[in-house]
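Residue numbers begin at 1 in each chain, while the letters A, B, ... track the order of the sequences. Hydrogens, waters and symmetry mates are skipped; everything else that's a heavy atom, side chains included, is used.
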Protein chains: 2
Amino acid sequence: MKPYQINELERLTGIKAHTIRIWEKRYGLITPLRTSTNRRYYSDDEVRKLLNVSTLLSKGHKISKIACLTEIEFTNELLAENSLLKSNNSYEGLINDLLKSMLNFDEQSLESIFQLSVTRHGFYNTMLHVVYPFLNKVGMLWRIDEAETAQEHFATAVIRRKLQAATEALPKAINKGNKFLLFLPEGEWHDTGLLFADYVIRSKQHESVYLGQNLNQESLLKVLQVVKPDYLLLFYITARPIEEIRKQLLLFAGHNEITVLVTGTPSLISNLDLGVSNVVCLSSVNDLFDYL
Amino acid sequence: MKPYQINELERLTGIKAHTIRIWEKRYGLITPLRTSTNRRYYSDDEVRKLLNVSTLLSKGHKISKIACLTEIEFTNELLAENSLLKSNNSYEGLINDLLKSMLNFDEQSLESIFQLSVTRHGFYNTMLHVVYPFLNKVGMLWRIDEAETAQEHFATAVIRRKLQAATEALPKAINKGNKFLLFLPEGEWHDTGLLFADYVIRSKQHESVYLGQNLNQESLLKVLQVVKPDYLLLFYITARPIEEIRKQLLLFAGHNEITVLVTGTPSLISNLDLGVSNVVCLSSVNDLFDYL
DNA sequence: CATTTTGTTTAATTATTTTCAAACAAAGTT
DNA sequence: AACTTTGTTTGAAAATAATTAAACAAAATG
């Protein structure tokens with residue numbers, strides 16, 4: 001893996017460069033290697049670690065306490081906060097089975113578990129209560145270095161195929177519902193959730209224009225002049241300044257007759273306080289389902 | 001659109017920074033705006049322009065001649081080289097219909113044209129002779145500033161859905177063929193072609209492990225220890241030093257019993273001369289089809 | 001074979017980023 | 001109220017990246 005400079009680390013984690021430095025000095029939290037000319041460089045491991053520190057911070061832990069934890073205690077706190085333990089009844093087994101199949105790149109097994117879940121709980125519940133928690137867990141495993149990027153790619157590819165096939169199989173809308181425009185802003189690459197939203201919207205007989213990942217602002221604004229949707233739906237997952245999000249949402253909301261539905265990482269979207277009536281923060285896809 | 005510095009422009013186009021400067025000085029080919037402190041910054045328009053210059057160069061045009069062309073002549077040369085005019089018989093009409101639908105974000109129309117083509121020419125021929133040229137044409141329209149990123153996103157999303165639904169509908173392989181590992185290396189984001197390759201491979205009853213876009217080298221190497229495929233299939237589309245590609249391919253090919261199938265931009269993969277027997281360059285998906 | 005075209009190399013100047021230490025300020029704790 | 005924790009600000013030195021001009025060298029052209 002290519003090494004990151006401190007500024008890239010800031011971009012990836014959303015933690016300011018001088019804060020990263022002072023943590024290093026005061027607590028020795030993350031002690032990066034140096035180039036021959038004394039510049040810090042960080043590996044994937046350190047990105048992971050810092051992301052995890054950031055998570056614990058956002059959950060109310062103090063940096064001084066975090067710094068005192070051993071590696072094992074640290075991981076435990078993290079798992080506790082993300083409540084992977086939250087053994088939500090009958091789904092937990094399926095999720096763990098999916099994990100095992102993923103780690104072995106076993107597509108047949110992955111598919112049959114998925115199929116089993118669909119017959120048992122239906123497609124919607126499978127996505128919401130099995131696949132979603134599964135993907136979260138995969139992300140968490142990556143964060144504690146127990147899973148590879150490739151394994152996540154493999155699993156999401158299968159899931160996406162299922163999702164798109166299911167969407168394709170839906171009866172075509174008879175042009176009665178509202179028109180939704182779905183996209184992820186620049187820098188956002190994980191569109192599996194958005195594909196599920198697309199499925200949900202279409203299943204409720206609404207019209208959907210799906211634009212996918214990493215769409216820049218200017219391009220979107222031009223689209224709005226052509227498409228005239230009733231709703232925008234977008235996610236903010238990746239770390240970035242809240243102010244940037246606020247500005248962008250207000251810009252989108254400025255178009256008459258549009259309602260902006262936004263969801264994503266709670267710390268990014270929960271305390272926006274836009275003071276505008278046509279921006280609605282949803283906390284999950286289930287909220288979207290209810291909203292429709 | 002955010003402005004690019006000269007180094008980012010180098011990364012995006014594969015043309016060295018000092019070459020970009022000297023072209024500016026000698027021919028005034030691209031005259032970027034400057035910051036208040038005299039640094040060059042480039043917009044999307046200039047990225048496009050430089051990509052196009054690069055294309056003409058690779059087709060044997062001289063930089064001095066290119067510099068003399070008017071904007072219109074320039075576009076004409078470009079279109080001629082990319083032989084969009086190559087009106088390959090009965091497909092041309094369908095392609096243009098798709099374009100029209102895309103520009104209007106008209107999914108219903110896009111779908112019915114696709115369906116028409118499938119019934120007329122079959123799924124495989126539709127992908128190969130309609131969708132592929134269509135996507136090329138879209139890329140070209142973006143290059144000459146006649147299409148938006150969003151329109152391409154919209155069209156590819158529909159096509160990907162069709163592709164994945166078709167793949168999903170294939171009868172499951174009975175574990176008899178070879179095992180393929182499909183992925184795009186770091187920095188490669190356009191996996192529609194790879195999805196089609198996935199479809200082709202599965203349709204020929206081979207086994208496929210699909211890992212998708214932007215997979216880093218280390219991660220892939222770890223996968224190889226678990227998955228043990230007979231074949232690797234990967235694309236290089238985005239500009240990068242040939243030497244980097246060569247090194248990476250040799251690394252992949254170094255694993256015993258593996259055949260590496262590689263395709264992508266002709267200028268990147270045609271003159272690799274690896275001197276290894278287990279790396280095969282394919283010039284198109286049709287080559288893959290024949291190969292299987 | 002001389003000339004032109006073209007990209008690379010060199011060297012000096014300026015701008016930006018990283019580094020470190022120390023002071024500062026807001027908030028929570030004792 | 002004094003102290004602790006925590007992140008930000010300030011300022012100066014070092015490293016990196018961008019700027020220009022001029023010289024260089026390989027390949028194509030005449």
Side-chain angles (χ1 to χ4, degrees), chain A residues 2-43 46-47 50-51 53-69 239 241-243 267 271, chain B residues 2-43 46-47 50-69 239-243 267 271:
Chain A
K2 63 167 169 293
Y4 305 102
Q5 300 230 130
I6 198 162
N7 247 0
E8 300 178 79
L9 190 64
E10 169 174 335
R11 192 179 43 76
L12 286 167
T13 63
I15 294 172
K16 297 245 174 70
H18 38 249
T19 306
I20 297 171
R21 287 199 202 92
I22 206 79
W23 285 356
E24 180 187 336
K25 185 182 170 191
R26 287 188 186 153
Y27 317 108
L29 237 187
I30 289 172
T31 320
L33 294 172
R34 303 287 187 128
T35 68
S36 60
T37 57
N38 199 34
R39 297 210 158 184
R40 279 166 253 251
Y41 65 90
Y42 300 85
S43 73
E46 273 124 2
V47 177
L50 199 53
L51 281 171
V53 169
S54 178
T55 306
L56 286 185
L57 275 180
S58 74
K59 302 278 181 180
H61 289 63
K62 295 187 162 182
I63 189 66
S64 53
K65 304 296 174 189
I66 295 173
C68 298
L69 300 175
I242 301 274
E243 204 40 55
S267 62
N271 41 0
Chain B
K2 62 167 169 294
Y4 305 102
Q5 300 232 123
I6 198 163
N7 246 1
E8 299 178 81
L9 191 64
E10 169 175 334
R11 195 179 43 75
L12 287 167
T13 64
I15 293 172
K16 297 245 173 70
H18 36 250
T19 306
I20 297 171
R21 286 200 202 92
I22 205 78
W23 284 355
E24 179 186 337
K25 185 182 171 191
R26 288 188 186 152
Y27 317 108
L29 237 186
I30 288 171
T31 319
L33 295 172
R34 304 286 187 128
T35 68
S36 60
T37 55
N38 199 35
R39 297 212 158 181
R40 278 167 254 251
Y41 64 90
Y42 300 86
S43 74
E46 274 125 1
V47 177
L50 199 53
L51 280 171
N52 289 336
V53 169
S54 177
T55 306
L56 286 185
L57 275 180
S58 73
K59 301 278 181 183
H61 289 65
K62 295 185 164 184
I63 189 68
S64 53
K65 304 294 174 192
I66 295 172
C68 298
L69 300 174
R240 70 181 78 200
I242 302 274
E243 204 41 54
S267 62
N271 42 0

**Q** Please pick, from D:dT19, C:dG28, C:dT6, the nucleotide with the shortest atom-to-atom distance to any side-chain atom of A:Lys62.
**A**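 Minimum distance to the A:Lys62 side chain belongs to C:dG28.
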
**Q** Any N or O donor-acceptor pair under 3.5 Å from the base of D:dA18 to the side chain of B:Arg39?
**A** no

**Q** What is the separation between atom CZ on A:Arg40 and atom C1' on C:dC20, rounded to the nearest whole Å?
**A**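 A:Arg40 atom CZ is separated from C:dC20 atom C1' by 8 Å.
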
**Q** Rounded to whole Å, please give me the gap between CZ in B:Arg21 and P in D:dA23.
**A** 19 Å

**Q** Taking the side chain as everything from C-beta on, heavy atoms only, tell me whether B:Ile63 gets closer than 4.5 Å to B:Val53.
**A**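 Yes; the side chains approach each other to less than 4.5 Å.
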
**Q** Strictly below 4.0 Å: does A:Asn38 bring a side-chain N or O up to OP1 or OP2 of D:dA14?
**A** no

**Q** With a 4.0 Å limit, can you tell me whether B:Gln5 has a side-chain N or O closer than that to the phosphate oxygens OP1/OP2 of D:dA18?
**A** yes

**Q** Hey, which sits more toward the 5' end of DNA chain C by its nearest nucleotide, B:Tyr27 or B:His18?
**A** B:Tyr27

**Q** Are side-chain heavy atoms of A:Ile6 and A:Arg21 found at a separation under 4.5 Å?
**A**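 Sidechains of A:Arg21 and A:Ile6: in contact.
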
**Q** Taking only side-chain nitrogens and oxygens of B:Lys16, does any of them come within less than 4.0 Å of OP1 or OP2 of C:dG7?
**A** no

**Q** Can you tell me how far P of D:dA18 sits from OH of B:Tyr4, to the nearest Å?
**A** 16 Å

**Q** Measure from the side-chain heavy atoms of B:Ser64 and tell me the nearest of D:dA17, D:dT19, C:dT6.
**A**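 From the listed options, C:dT6 comes nearest.
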
**Q** Just how far, in rounded Å, is P of D:dT8 from CD1 of A:Ile15?
**A** 10 Å

**Q** Please give, in whole Å, the distance from D:dA26 C1' to B:Ile63 CD1?
**A** 17 Å

**Q** Got B:Ile20 and B:Tyr42 here, is their nearest side-chain heavy-atom distance under 4.5 Å?
**A** yes

**Q** Distance check needed: D:dT29 P versus B:His61 NE2, whole Å only.
**A** 14 Å

**Q** With the side chain of A:Thr19 defined as its heavy atoms from C-beta on, choose the nearest nucleotide among C:dA21, C:dT17, D:dT8.
**A**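 Given the options C:dA21, C:dT17, D:dT8, the side chain of A:Thr19 is closest to D:dT8.
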
**Q** Assess the residue pair A:Leu57 and A:Ile66 against the criterion (side-chain contact (heavy atoms from CB on, under 4.5 Å)); give the C-alpha distance rounded to whole Å, side-chain angles, the decisive distance to 0.1 Å, and a yes or no.
**A** CA-CA 8 Å; A:Leu57 275 180; A:Ile66 295 173; 4.0 Å; yes

**Q** Rounded to the nearest angstrom, tell me the gap between atom CD1 in B:Ile20 and atom C1' in D:dT19.
**A**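 Rounded to whole Å, this separation is 14 Å.
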
**Q** I need the CG-P distance between B:Leu57 and C:dT5, as an integer number of Å.
**A** 16 Å

**Q** Assuming nearest nucleotide by heavy-atom distance, tell me which of A:Thr37 and B:Trp23 is located more 5' along DNA chain C.
**A** B:Trp23

**Q** For the residue pair B:Leu56 and B:Asn52, establish whether any side-chain heavy-atom pair is separated by less than 4.5 Å.
**A**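 Counting from C-beta outward, B:Leu56 and B:Asn52 never come under 4.5 Å.
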
**Q** What about B:Arg26: does its side chain form a donor-acceptor pair under 3.5 Å with the base of C:dG7?
**A**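 Checked by distance alone, the answer is yes.
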
